[in-house]
Structure formats: structure tokens, C-alpha cells
Amino acid sequence: MKYIRYTFWAIVAICLIIVGMANRGIVTLRAMPEALANPLGVSPDINMPLFMAIFIGVGIGLLIGFLWEWVREHQVRAEARRKSREVEALRREVDRLKEQRHEGKDEIVALVDKTG
């Protein structure tokens with residue numbers, strides 16, 4: 001299984017290298033359209049190779065997707081925490097009831113009953 005995983009990541013790496021080598025041309029990324037940037041006097045432009053723009057876009061998309069899923073699953077995690085606290089409270093109650101049941105009895109008999 002380990003070799004399959006390494007092979008998969010090697011293929012992914014080779015594909016990324018090929019995409020990067022095929023898209024080395026410089027592109028200009030603009031944060032605002034020129035019609036809006038000229039009157040404001042602000043023109044945040046960035047020059048970078050096209051493959052970097054593609055990889056940065058994919059990376060930002062992945063981060064947004066992970067954040068979206070984390071927020072969406074908040075209710076599931078909250079319910080799991082609530083159930084975990086409930087289970088722990090029930091365990092403590094069972095232990096307390098077992099101790100009450102063995103009060104005043106011989107310690108050996110109480111120990112044997114606890115294990116059973």
C-alpha cells in the first residue's frame with residue numbers, strides 16, 4: 001500500500017512539473033480593472049509566471065474549501081463533544097453506584113465484584 005501511495009504522489013509531482021514547465025510565460029494579475037484603478041490612482045498589479053498563478057489559485061481554493069467544510073461540520077463536532085461528556089458523566093455515575101453497593105462489605109468481595 002505504501003508503494004501505491006508513493007507512486008500516486010510521484011505521478012502528481014510529475015504532472016505539476018509538466019504544467020509548470022508548459023506555462024512559464026509571465027502574466028500580469030490585477031486586483032482592479034483599469035477603468036476603476038486609474039481614477040483612484042491605485043493599481044495593484046503583480047507580474048508572475050502563469051503556473052504560479054494557477055497553483056496559487058488552486059491552493060486558495062483548497063483553503064476556502066477546507067474552511068467551508070470545517071464550518072459546516074461544526075454541529076457534528078459539537079454533538080460529538082456533548083455525547084462524550086454525557087458518556088463520561090454516566091461512567092462516573094456507574095462507578096459511584098458500584099462503590100455504594102459495596103459499602104460495608106469485605107474489600108476482597110468488592111474487588112472481585114468490580115472486575116466482574
Side-chain angles (χ1 to χ4, degrees):
M1 197 66 182
K2 187 185 290 187
Y3 293 116
I4 294 172
R5 184 174 57 215
Y6 289 149
T7 304
F8 170 77
W9 286 114
I11 292 170
V12 169
I14 289 169
C15 289
L16 290 175
I17 290 169
I18 291 171
V19 168
M21 290 176 66
N23 295 292
R24 290 181 290 165
I26 300 296
V27 295
T28 301
L29 297 178
R30 294 194 170 110
M32 293 183 183
E34 285 185 34
L36 184 61
N38 289 337
L40 294 176
V42 178
S43 180
D45 297 345
I46 299 173
N47 293 322
M48 66 174 55
L50 179 59
F51 74 90
M52 284 182 61
I54 292 170
F55 293 160
I56 290 171
V58 169
I60 290 172
L62 284 171
L63 287 175
I64 290 171
F66 288 142
L67 179 66
W68 185 268
E69 276 300 303
W70 183 77
V71 169
R72 189 182 67 81
E73 292 175 351
H74 171 71
Q75 288 181 336
V76 174
R77 289 190 311 274
E79 180 70 16
R81 277 193 305 273
R82 188 182 68 74
K83 294 279 186 186
S84 176
R85 286 192 301 266
E86 184 179 336
V87 165
E88 187 58 37
L90 290 172
R91 278 192 185 128
R92 284 193 305 267
E93 184 176 349
V94 166
D95 288 342
R96 182 182 56 79
L97 290 173
K98 281 182 180 178
E99 287 177 13
Q100 283 180 356
R101 190 173 110 192
H102 298 298
E103 259 183 43
K105 289 187 178 179
D106 188 19
E107 291 178 18
I108 303 298
V109 173
L111 285 173
V112 169
D113 279 349
K114 274 189 179 181
T115 59

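Just so we're clear, the structure is a prediction, and the values are computed from it rather than from any experiment. Computation of the quantities below employed the complete heavy-atom set of this structure, encompassing side-chain atoms and omitting hydrogens, waters and symmetry-equivalent molecules. The residues of the chain are indexed from 1 along the displayed sequence.
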Take atom [atom1] of [X] as the centre, draw a 6.0 Å sphere, and report whether it contains more than 12 heavy atoms from other residues, nucleotides or ligands.
X: Arg96; atom1: CZ; result: yes
X: Arg77; atom1: CZ; result: yes
X: Gln75; atom1: CD; result: no

Using 0.5 Å steps for rounding, measure from the [atom1] atom of [X] to the [atom2] atom of [Y].
X: Leu63; Y: Trp68; atom1: CG; atom2: CH2; result: 15.5 Å
X: Ile17; Y: Phe51; atom1: CD1; atom2: CZ; result: 11.0 Å
X: Leu90; Y: Asp95; atom1: CG; atom2: CG; result: 11.0 Å
X: Leu16; Y: Ile54; atom1: CG; atom2: CD1; result: 10.5 Å
X: Phe55; Y: Ile60; atom1: CZ; atom2: CD1; result: 14.0 Å
X: Leu36; Y: Arg30; atom1: CG; atom2: CZ; result: 13.0 Å

**Prompt:** Of the non-hydrogen atoms in Pro39 and Ala35, which two are nearest, and what is the gap between them?
**Reply:**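 Shortest heavy-atom contact: CD-O, 3.0 Å.
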**Request:** Go through the structure and list residues passing side chain to side chain contact (heavy atoms under 4.5 Å, CB included) with Met52, not counting sequence neighbours.
**Result:**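 With sequence neighbours excluded, Met52 shows a side chain to side chain contact (heavy atoms under 4.5 Å, CB included) to Met48, Pro49, given in chain and number order.
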**Request:** Determine which pairs satisfy side-chain hydrogen bond (donor to acceptor under 3.5 Å, both in side chains) with at least one residue from residues 78-89, sequence neighbours left out, and list them in order.
**Result:**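 Found Glu79-Arg82, Arg82-Glu86.
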**Message:** Using modelled atom types and a 3.5 Å cut-off, is there a donor and acceptor pairing between side-chain atoms of Arg24 and backbone atoms of Met21?
**Reply:**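 Yes: the side chain of Arg24 pairs with the backbone of Met21.
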**Prompt:** Are Tyr3 and Ile14 connected in the hydrophobic side-chain network, where two residues link if heavy atoms are under 4.5 Å apart?
**Reply:**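 As far as the 4.5 Å side-chain criterion goes, Ile14 and Tyr3 are not connected within one cluster.
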**Message:** I'd like to know if Ile64 and Ile56 are part of one continuous hydrophobic network [Ile/Leu/Val/Met/Phe/Trp/Tyr, side-chain heavy atoms within less than 4.5 Å].
**Reply:**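 Yes, Ile56 and Ile64 fall within the same hydrophobic cluster.
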**Prompt:** When you check the side-chain N and O atoms of Thr28 and Asn47, is any donor under 3.5 Å from an acceptor?
**Reply:**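 The criterion, which ignores hydrogens and geometry beyond distance, is satisfied for Asn47 and Thr28.
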